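Naming: A, B, ... by sequence-line order, numbering from 1 per chain. Note that this is a predicted model, so its numbers are computed, not measured.
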Protein chains: 2
Amino acid sequence: MPEQTEKTELSERKKQILAHVVELYIKTGEPVGSKGLISATGMSVSSATVRNEMNELDSLGYLEQPHTSAGRIPSQKGYRYYVDHLMKNREIDELTKRLIDAGISSAVGDPEKLISKSREVLANLTKCATVSTAPVGEMTLIRKIEIVPVGTYSAMMVLLTSNGILKSRLCRTDSEINAGILESFYNIVDSFILEKPALEITPAYIQTLAAAVEGDYFTMLPLLAAVSELADSVGDSRLILGGSSNLLSFKDYGASAVALLEFLGKREPLTDVISSSKGSLDIHIGSENKYKQLENSSVIVSKYSVKGDDTGTISVIGPTRMDYETIIPSIKYMTDLVGRLISQALEE
Amino acid sequence: MPEQTEKTELSERKKQILAHVVELYIKTGEPVGSKGLISATGMSVSSATVRNEMNELDSLGYLEQPHTSAGRIPSQKGYRYYVDHLMKNREIDELTKRLIDAGISSAVGDPEKLISKSREVLANLTKCATVSTAPVGEMTLIRKIEIVPVGTYSAMMVLLTSNGILKSRLCRTDSEINAGILESFYNIVDSFILEKPALEITPAYIQTLAAAVEGDYFTMLPLLAAVSELADSVGDSRLILGGSSNLLSFKDYGASAVALLEFLGKREPLTDVISSSKGSLDIHIGSENKYKQLENSSVIVSKYSVKGDDTGTISVIGPTRMDYETIIPSIKYMTDLVGRLISQALEE
DNA sequence: ATTAGCACTCGGGTGTTAAGAGTGCTAAAA
DNA sequence: TTTTAGCACTCTTAACACCCGAGTGCTAAT
């Protein structure tokens, strides 16, 4: 009597077999056949039985055959069923946890560094590509601008946003940077730049400000240009891709790896993919992604929120055959940690 | 009588043919045969003549055949002869020049930005991988450190080196950052950190400093740790690789592209390759590079020097079949420009 | 010195075949 | 009714033979 009792319910043994197929395929990358499955898992049934079950899983759409005489591989539906129902979502591995902690320890206190470190660490850990989006949005305000002269004609400038992103650069003027210049610079900054959204500090806006400057226009211009350049680079931290070369090692993508890398290189579609995630941890398998270029990939998007309502994301992109079982706990742990640390860093 | 008069000298026509073969092969990527060469160049000799000449070029080692019945491709020696004697080293293209100028215009005044922009721009231009090394060395000193509180427990910290590299980060302490802390921080910085080589500000060194702090050890520690982190990241700017995914588009590297990317990902050998260059513009063709992984690649290393004796480099890495004729003027122009602009930025 | 002509070579493409892996089905056993 | 053993079948892959064409090297004629 324990058979598929409903359309959506699989018999225990089918579940077991599906889980084994998915896991074996994830491990080896080879289509798994009835015999191979038995010898690898030690199930105490015959290959014929497994074959029958697999056959049914096949017609139910959970498995598919690359060709008639090969083993089976999970279909998209199969992966989906696996991550939804079969995967033991175990706790994160203690060692992995240590690696993560150690990896981002040097960035504690600085949101931007936390974000990029987390991306790097996760890329190393998962051997997949990772994407991070900083909690930068419409309402990320310019919080502080400092300028420190380091020579007669040059100064270092630092810009801090309400989200804790810090950008700095040197800038150079044609005429001397004296107290007067600094004063009028801070005046402009105080009145027209601070507490404005970073996205609004465009070159055009700067132009209009500069036009209104009395007197030392030509000294002020490079300073204001530097401000706009810094404000602009805040936006750059929004979405960053890392570890994409990891994807080359997967034999899953044959020659198509190049096309994938090209796709990932473009900003807009990637932003789209990430931002279309709703939950706090979303898994998009294969063609669940709306972009054709991702049909053989899975994207795991995990969100964290910092004290405001701003949310950032960390994502992992890899072949559908990625190791969900270990990646998911890692990315979860990572996002929690980063969210906590950033919130902490932003406390007054 | 104009034949190969010496071992090292080729007849005019041989030179012409060699040049054509190299250029055609660079353009098409296909081995060039006698007929194809004539039809592509409009030479007024018969294919048989060309064949004879090619045959001799072959035995002299300038050309080689992938297989008997294919056309010829330049050997390493052929490329070498081409870049040394045959290539018209024309001026940089006006359009390219504009692109370069425009590309790095936003970075003027900031050495570090200049360096990374130049790398990016050159990667886009050449479609190859690019490597930049900043003029960071043993004698790059910490020139200035500023710390600006931005909240009760957090401050932004900025570090400037003698070479104009600026690094910044937020840092956070457990107890309040007050005037006293700041004062003792600056005391430590002034006495033990400023004007020291950045490379010497290691975590270990910081440890010994921190140990000697009286009183508020636990507040000072994160600040000093941040200093060491910043000093460390100065070293990171030393050698940076960019545009490596460009290499994937070259059909020259088939499956070996992956191995190449892996090689380029490692820091030490790459440093070795770049730093073994002696002249101001060095071209290493194929296995002239001492690393086996580069046997199908050429590396062009171009140096610039800034006012001191510090020199940085910009390099292009691509298949031996790269377009030397346009890449070389571009990289030359770029290094000159960057060298000039950095020197300018570093003037008092 | 150049060229036309020609035999030759070799890689790439196209069957064909044999081996191997894996399946689906059937009939017997539990 | 479920499981299992056996077997025929399918399909991929590797290996081999084959042909075609591009390109060569050589020779003889100009």
Rounded to the nearest 0.5 Å, what separates atom CG in A/D252 from atom OG in A/S297?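 Spacing of CG (A/D252) from OG (A/S297) equals 9.0 Å.
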
Across nucleotides 11-30 of chain D, 5' to 3', mark each nucleotide with B, S or - according to how protein heavy atoms within less than 4.0 Å reach it. BS--------BBSBB-----

What I want to check is whether the side chains of A/S47 and A/S34 have a donor and an acceptor closer together than 3.5 Å.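 Their side chains do not contain a donor-acceptor pair, so the 3.5 Å distance test is not met.
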
Over 60° means perpendicular and under 30° means parallel, so classify the ring planes of A/F250 and A/Y253, tilted if in between. perpendicular

Please state how far atom CG in A/L37 lies from atom P in C/dA21, giving the value in whole angstrom units. 17 Å

Please state how far atom CD in B/E30 lies from atom P in C/dG11, giving the value in whole angstrom units.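 To the nearest whole Å, that distance equals 16 Å.
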
Using a 6.0 Å cut-off, check whether atom CD of A/E94 has over 12 heavy atoms from anything other than its own residue. yes

Before you tell me yes or no, could you show the steps for A/Q76 and A/E288 under side chain to side chain contact (heavy atoms under 4.5 Å, CB included), namely the whole-Å CA-CA distance, both residues' side-chain angles and the distance that decides it to 0.1 Å? CA-CA 9 Å; A/Q76 189 166 305; A/E288 290 170 11; 3.6 Å; yes

